[in-house]
Amino acid sequence: MTLRGLYAITDSQLLAGKLLPFVEAALDGGLTLLQYRDKSSDDARRLREAEALRGLCERYKAHLIINDDAELAARLGVGVHLGQTDGPLTPARALLGRHAIIGSTCHSQIELAEQAAKEGASYVAFGRFFNSSTKPGAPTATLDVLDQARARLSLPICVIGGITLDNAAPLVAHGADLLAVVHGLFGAESAQEVTRRAKAFNTLLSI
Ligand SMILES: Cc1ncc(COP(=O)(O)OP(=O)(O)O)c(N)n1
Ligand SMILES: Cc1nc(C(=O)O)sc1CCOP(=O)(O)O
Ligand SMILES: [Mg+2]
């Protein structure tokens, strides 16, 4: 499976009251991956929303990824994204099976990415590259790590953190395969604008 393209990530506050229409608008513009990221502990709502997103992703042939929660991903038969404190990759791979997409946060450390590759990650994520209103305190990353990753790894490279249509081009030039975006995609006034942005991100990636 080739993993390249726009990787939309939901945000419960930003998308309050418009989760499904804005996600569908993004899918209409073209998504490779959609991550359901909800940091709450409202398990019933998380299950309901994730099921609805899975249905949309199936219709548009995109892959759904659940943030943090391998058990929920297993229940839905979808992928998971794990950060450095979200539990080890090896049991998640055993739980989800060899075909599941499993992503790993590697901040700006090539050693973390090499370890993730050994443990069966499907892609490695570096960031944050720019100021992020979604996660202002995330550790920073520079373009150097993308050059190192391109040279040393064969896994798809995901970039994240403050990415917009105005600043994404250098990331692509330095080897990013997946542009992971919250605000730069969903921080729009209308569903039509979300679709326009998604198409423009895909043009940047030339896909
Ligand atoms: C694609 C992608 N990359 C990085 C992250 C961040 O994961 P993590 O460090 O576990 O932080 P939280 O998102 O869980 O707050 C991500 N979610 N997705
Ligand atoms: C969830 C997340 N993780 C990051 C990391 O660097 O690991 S940055 C981030 C937030 C991404 O949202 P936005 O596109 O609005 O900046
Ligand atoms: Mg996490």
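Counting starts at 1 for both ligands and their atoms, following the listed order.
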**Student:** Measuring from atom 13 (P) of ligand 2, which candidate in Thr140, Asp11, Thr134 has the nearest non-hydrogen atom?
**Tutor:**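 Looking at heavy atoms only, Thr134 sits closest to atom 13 (P) of ligand 2.
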**Student:** Check Arg152 with Glu114, please: is the shortest side-chain N to carboxylate O separation under 4.0 Å?
**Tutor:**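 Salt bridge present between Glu114 and Arg152.
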**Student:** Within a distance under 4.0 Å of any heavy atom of Gln35, pick out the atoms of ligand 1 and give their elements.
**Tutor:**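 Listed by number with element: 1 (C), 2 (C), 16 (C), 17 (N), 18 (N).
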**Student:** Heavy-atom distances under 4.0 Å are what count here, so tell me which part of Ser132 touches ligand 2: side chain, backbone, both or neither.
**Tutor:**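 It is both backbone and side chain that touch ligand 2.
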**Student:** Take atom CD in Glu111; do more than 12 heavy atoms of anything else shown fall under 6.0 Å from it?
**Tutor:**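 Yes, because the 6.0 Å sphere around CD of Glu111 holds more than 12 heavy atoms from other groups.
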**Student:** Against heavy atoms of Gly83, which atoms of ligand 1 measure under 4.0 Å?
**Tutor:**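 Counting from 1, the qualifying ligand atoms are 8 (P), 10 (O).
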**Student:** Would Asp86 count as being in polar contact with ligand 1, using the rule that some N or O on each side must be under 3.5 angstrom apart?
**Tutor:**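 Such a contact does occur with ligand 1.
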**Student:** Mark up the atoms of ligand 1 that fall under 4.0 Å of a heavy atom belonging to Lys39, in ascending order.
**Tutor:**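 Going through ligand 1 atom by atom, the ones under 4.0 Å from Lys39 are 12 (P), 14 (O), 15 (O).
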**Student:** Hey, does His107 come in under 3.5 Å of ligand 2, counting only N/O atoms on both sides?
**Tutor:**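 Between His107 and ligand 2, no N or O pair is found under 3.5 Å apart.
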**Student:** Just to confirm my output: which protein heavy-atom neighbour is closest to atom 2 (C) of ligand 1, and how far is it?
**Tutor:**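 Minimum-distance protein heavy atom for atom 2 (C) of ligand 1 reads His81 CE1, 3.3 Å.
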**Student:** Tell me: protein heavy atom nearest atom 11 (O) of ligand 1, and distance?
**Tutor:**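 Checking every protein heavy atom, the shortest distance to atom 11 (O) of ligand 1 gives Lys135 NZ, 2.8 Å.
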**Student:** Under 4.0 Å, heavy atoms only, figure out whether ligand 1 is touched by the backbone of Cys158, its side chain, both or neither.
**Tutor:**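 The answer is the side chain of Cys158.
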**Student:** Where is the nearest protein heavy atom to atom 1 (C) of ligand 1: which residue, which atom, and how far?
**Tutor:**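 The answer is Tyr7 CE1, 3.5 Å.
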**Student:** So, with waters excluded, how many protein N/O/S atoms does the Mg ion (ligand 3) have closer than 2.8 Å?
**Tutor:**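 Considering protein N, O and S only, the Mg ion (ligand 3) has 2 within range.
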**Student:** Would you check the N or O atoms of Ile160, main chain and side chain alike, for any that come under 3.5 Å of an N or O of ligand 2?
**Tutor:**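 Among all N and O atoms of Ile160, none is under 3.5 Å from an N or O of ligand 2.
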**Student:** Among all protein heavy atoms, pick the one closest to atom 1 (C) of ligand 2 and tell me residue, atom and distance.
**Tutor:**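 Heavy-atom neighbour on the protein nearest atom 1 (C) of ligand 2: Arg37 NE, 3.4 Å.
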**Student:** Which ligand 1 atoms are under 4.0 Å away from a heavy-atom of Ala125?
**Tutor:**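 This gives 3 (N) as the contact atoms.
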**Student:** To the nearest 0.1 Å, how far is atom 13 (O) of ligand 1 from its closest protein heavy atom, and which atom is that?
**Tutor:**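 Checking every protein heavy atom, the shortest distance to atom 13 (O) of ligand 1 gives Arg37 NE, 2.8 Å.
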**Student:** Return a yes/no value for Val182: is any of its N or O atoms, backbone included, closer than 3.5 angstrom to an N or O of ligand 2?
**Tutor:**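 Yes, since at least one N or O of Val182 sits under 3.5 Å from an N or O of ligand 2.
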**Student:** Does an N or O from Asp68, backbone or side chain, lie closer than 3.5 Å to an N or O of ligand 1?
**Tutor:**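 By distance alone, the answer is yes.
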**Student:** Using a 3.5 Å cut-off on N or O atoms only, is Thr105 in polar contact with ligand 1?
**Tutor:**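 So ligand 1 has an N or O lying under 3.5 Å from an N or O of Thr105.
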**Student:** Let me check something: do Ile102 and Leu76 share a hydrophobic cluster, defined by ILVMFWY side-chain heavy atoms less than 4.5 Å apart, either directly or through other members?
**Tutor:**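 Result: no, two separate clusters.
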**Student:** Would Asp28 and Arg59 pass as an ion pair if we require N to O under 4.0 Å?
**Tutor:**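 Looking at Arg59 together with Asp28, the answer is no, because their closest N to O distance does not fall below 4.0 Å.
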**Student:** Is it true that Glu193 and Arg197 have a side-chain N and a carboxylate O under 4.0 angstrom from each other?
**Tutor:**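 Judged by the 4.0 Å cut-off on N to carboxylate O distance, Glu193 and Arg197 do form a salt bridge.
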**Student:** Decide whether an N or O pair under 3.5 Å exists between Lys135 and ligand 2.
**Tutor:**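 Not met; the criterion fails.
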**Student:** Counting neighbours of NZ on Lys199 that are heavy atoms of other residues, nucleotides or ligands and sit closer than 6.0 Å, is the number greater than 12?
**Tutor:**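 Open.
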